[in-house]
Amino acid sequence: MTLLELLAPARNADIGIAAIDCGADAVYMAAEEFGARKDAGNSMEDVARLCEYAHRFGVRIFLTVNTILYDGELDRAHRLMLEAQEAGVDAFIVQDVAVTQWDDITVPLHASTQCAIRTPEDARFYESLGFSRLVIERETSMETLREIRKAVGCELEFFVHGALCVCYSGQCYLSEHLAGRSANRGACVQACRSLYDLADDSGRVLVRNKALLSLKDYRLLDRLGDLAEAGVCSFKIEGRLKNSSYVKNVVREYSLAMDALCEAQPEHWCRASFGRVSGGFTPATDRTFNRGYTSLWLDGKRGRWSSMDAPKSMGEFVGTVRSVRAERGGCSIVLSPADGVRLGNGDGFAFAGRGGIVGFRGDVCEGNTIRCKPVEGLKAGTKLYRNINSAFERELERNMPRREIGVTLDVGISGKYNIDITATSEDGRQVSSPFKSDLDTAENRERQEAMIREQLSKRSGHYLFRVDNFDIQTPGGSLPLLSASLLNSIRRLVASDLDALPCGTLPMATGRKDPSVKVGDTELSYKYNVSNTSARTLYSARGAASVAPAYEIAHQRDAELMRTRYCIRYELGMCPVHQGAKESRPLFLLNNGRRLALHFDCAKCEMTVTEDT
């Protein structure tokens with residue numbers, strides 16, 4: 001039996017709790033430092049608060065310590081990890097392998113996506129350092145995933161939903177080059193979402209003002225079974241900067257899909273935490289933030305991956321503008337609506353304007369008419385999209401599902417009404433609670449038994465009770481006259497007794513180090529986070545510590561700022577291999593006076609971006 005885990009992002013503890021309520025088996029978040037997202041830090045108190053809530057359901061909390069560390073930060077990072085370990089975190093997601101040297105870090109270590117693990121050799125190396133789980137590069141094919149699964153015994157984690165970096169994870173130096181802000185330090189300026197012109201070596205501009213490096217979002221909702229068959233056990237949702245409604249919606253949709261997967265093949269798979277989630281809103285990821293969806297390189301084939309026309313979320317198509325009329329203090333927009341579209345007050349809209357995506361709010365929406373403040377550039381014939389569905393947002397806020405641990409009750413009634421209740425939760429906790437009463441005998445035994453079953457088979461806290469066995473051993477099979485309020489009190493006491501016991505846990509992989517592999521080894525150290533000779537030497541000179549920012553400086557000196565499976569030539573129909581294009585002149589990206597050169601390694605089907613020298 002393989003445990004399948006849905007791993008959700010959390011910008012803060014409250015979002016993490018919402019993710020758990022919607023069905024997450026694990027949540028990843030950052031503390032105040034070293035979390036690769038500077039705007040998603042949390043106090044250790046909030047980390048502990050989320051751990052306490054999560055552990056009620058056997059849900060695990062993973063702390064991201066996934067920036068490259070400066071030498072002078074190692075002691076501080078070590079202290080933070082010890083504090084987090086004490087606060088209850090279940091694993092650390094790390095990039096810098098210096099942390100593998102700290103023997104007092106006893107919870108498992110997961111190799112972050114920034115390690116860019118995309119071959120069986122990469123995987124074996126990180127496993128040898130003691131990592132119990134590897135987060136595999138998103139631009140990995142299913143075939144390679146199977147090869148990695150055969151090569152290692154540790155757990156494999158794979159992203160299934162969310163925003164995509166255009167480059168191989170952890171190996172983009174474009175932000176550092178253009179703005180002096182390192183993506184490997186959590187300060188990425190998202191240069192891949194910026195607008196560029198594309199020019200050839202003669203200076204001819206081929207494409208103007210497009211987000212030529214921007215990718216669609218990842219969505220593998222219908223491929224979870226394939227990934228599980230390939231050996232993935234953790235399905236990860238990107239989005240530690242996303243808001244609560246986004247996380248709720250995506251987690252719920254994927255949780256339902258994973259439930260269906262486990263129910264279809266219960267002999268193979270089960271969920272990696274406890275508690276059944278029921279009720280609440282109906283999820284729909286098409287209604288939440290996205291740039292369009294792609295499965296990227298999963299099948300080892302090229303496709304149209306670019307979101308160059310919409311680097312921000314456009315949302316769902318709602319119709320074509322029929323007319324725009326100026327009104328006092330605003331304007332009135334009449335749509336030819338798409339089928340089934342209903343607009344609501346406060347909806348957010350977007351369209352493609354000359355300077356990129358233009359967004360606005362509809363103050364009053366009645367039928368096919370939107371009244372709002374003046375919108376520059378909007379005219380008849382414009383295709384309009386809705387990127388904020390106010391009614392759906394309210395539903396996400398007000399109609400949350402309920403997560404409950406299943407509890408079976410054995411109820412025994414004997415003698416002059418001694419009541420013994422044994423409660424067994426789905427995670428293996430068990431309590432026995434005797435209750436004695438000197439009550440009258442119920443006149444209608446069948447009615448009393450039905451009421452006992454009904455009142456005891458209700459919810460208390462985060463438990464859902466069910467009477468599994470009803471054993472009556474009294475003279476004549478009579479029953480005590482128990483009121484509904486007394487039965488409710490008994491049920492609440494049983495729930496309190498269960499709460500006093502820690503939730504059961506499911507097995508979690510632990511790593512094993514290969515003592516023959518030494519951090520800082522000249523031949524191997526470059527594989528940790530870098531891929532060139534200059535940075536390799538710098539790394540070895542610094543021993544177990546990292547090379548930031550030296551390795552980024554080395555990469556800039558060697559000119560390669562980005563390597564990616566994405567190909568601008570293919571997206572524009574200019575690929576000589578797949579599309580038979582004849583002309584292959586050098587190409588350049590232009591932005592605010594900066595010029596970047598594009599190079600195409602057709603043998604590997606990869607593109608690189610370098611500084612134009």
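Please read these numbers as outputs of a predicted model, since none were measured by experiment.
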Establish, from distance only, whether the side-chain atoms of [X] and [Y] form a donor-acceptor pair under 3.5 Å.
{"X": "Ser336", "Y": "Thr320", "value": "no"}
{"X": "Ser425", "Y": "Asp427", "value": "yes"}
{"X": "Arg219", "Y": "Thr294", "value": "no"}
{"X": "Ser141", "Y": "Thr144", "value": "yes"}
{"X": "Glu393", "Y": "Ser245", "value": "yes"}
{"X": "Asp499", "Y": "Tyr463", "value": "yes"}
{"X": "Asn488", "Y": "Arg491", "value": "yes"}
{"X": "Ser255", "Y": "Arg271", "value": "yes"}
{"X": "Arg403", "Y": "Ser273", "value": "yes"}
{"X": "Ser390", "Y": "Asp347", "value": "yes"}
{"X": "Ser169", "Y": "Gln114", "value": "no"}
{"X": "Tyr53", "Y": "Asp21", "value": "yes"}

Exercise for the section: Applying side chain to side chain contact (heavy atoms under 4.5 Å, CB included), run through Arg138 and Leu164 and close with a yes or a no. Expected result: CA-CA 8 Å; Arg138 275 169 274 204; Leu164 287 165; 3.6 Å; yes
Please give me the minimum heavy-atom distance between [X] and [Y], naming the atom from each residue.
{"X": "Asn290", "Y": "Thr285", "value": "ND2-O, 3.7 Å"}
{"X": "Leu261", "Y": "Gly225", "value": "CD1-CA, 3.7 Å"}
{"X": "Gly35", "Y": "Thr67", "value": "N-CG2, 4.0 Å"}
{"X": "Leu198", "Y": "Leu598", "value": "CD1-CD1, 3.9 Å"}
{"X": "Arg240", "Y": "Ala30", "value": "NH1-CB, 3.4 Å"}
{"X": "Ala19", "Y": "Val247", "value": "CB-CG1, 3.8 Å"}

Practice task
Report the residue from Arg563, Glu137, Glu606 that forms a side-chain hydrogen bond (donor to acceptor under 3.5 Å, both in side chains) with Tyr168.
Solution key: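 Output: one option passes, namely Glu606.
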Handout entry: Check: Trp305 and Tyr570 side chains under 4.5 Å, non-hydrogen atoms
Key =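 The answer is no, as the side chains (C-beta and beyond) never meet within the 4.5 Å cut-off.
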Problem - Side chain to side chain, Ile237 and Val251, heavy atoms closer than 4.5 Å - result: yes
Would you call [X]-[Y] a salt bridge at under 4.0 Å N-O?
{"X": "Lys248", "Y": "Glu397", "answer": "yes"}
{"X": "Arg325", "Y": "Glu327", "answer": "yes"}
{"X": "Glu404", "Y": "Arg459", "answer": "yes"}

Exercise for the section: Show your working on side chain to side chain contact (heavy atoms under 4.5 Å, CB included) between Ile93 and Tyr28 and close with a plain yes or no. Expected result: CA-CA 8 Å; Ile93 302 173; Tyr28 65 105; 3.9 Å; yes
Fill in the blank from the handout: Contacts of Pro401 meeting side chain to side chain contact (heavy atoms under 4.5 Å, CB included) (sequence neighbours excluded), chain-then-number -> Cys22, Arg252, Val277, Phe281
Exercise for the section: Enumerate the residue pairs fulfilling side chain to side chain donor-acceptor pair (under 3.5 Å) with a member in residues 360-369, sequence neighbours excluded, ordered by first and then second residue. Expected result: Glu366-Arg371
Problem - Expected output: side-chain His55 to main-chain Cys51 donor-acceptor under 3.5 Å - result: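 Looks like yes, one N/O pair under 3.5 Å.
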Problem - Partner of His161 by ring pair (Phe, Tyr, Trp, His ring centres under 6.0 Å), out of Tyr293, Tyr218, Phe289, Phe235 - result: Tyr293
Practice task
Would you please indicate yes or no on a ring centroid separation below 6.0 angstrom for Phe57 and Phe274?
Solution key: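 They do not qualify: ring centres at least 6.0 Å apart.
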Exercise for the section: Take Ser460 and Arg492 through the side-chain hydrogen bond (donor to acceptor under 3.5 Å, both in side chains) test and state the conclusion after the steps. Expected result: CA-CA 6 Å; Ser460 282; Arg492 286 192 288 268; over 6 Å; no
Practice task
List the steps, then state whether side chain to side chain contact (heavy atoms under 4.5 Å, CB included) holds for Leu596 with Leu561.
Solution key: CA-CA 9 Å; Leu596 304 171; Leu561 302 173; 3.9 Å; yes
Handout entry: side chain to side chain contact (heavy atoms under 4.5 Å, CB included) between Ile568 and Leu589, intermediate numbers included
Key = CA-CA 10 Å; Ile568 287 177; Leu589 294 177; 4.0 Å; yes
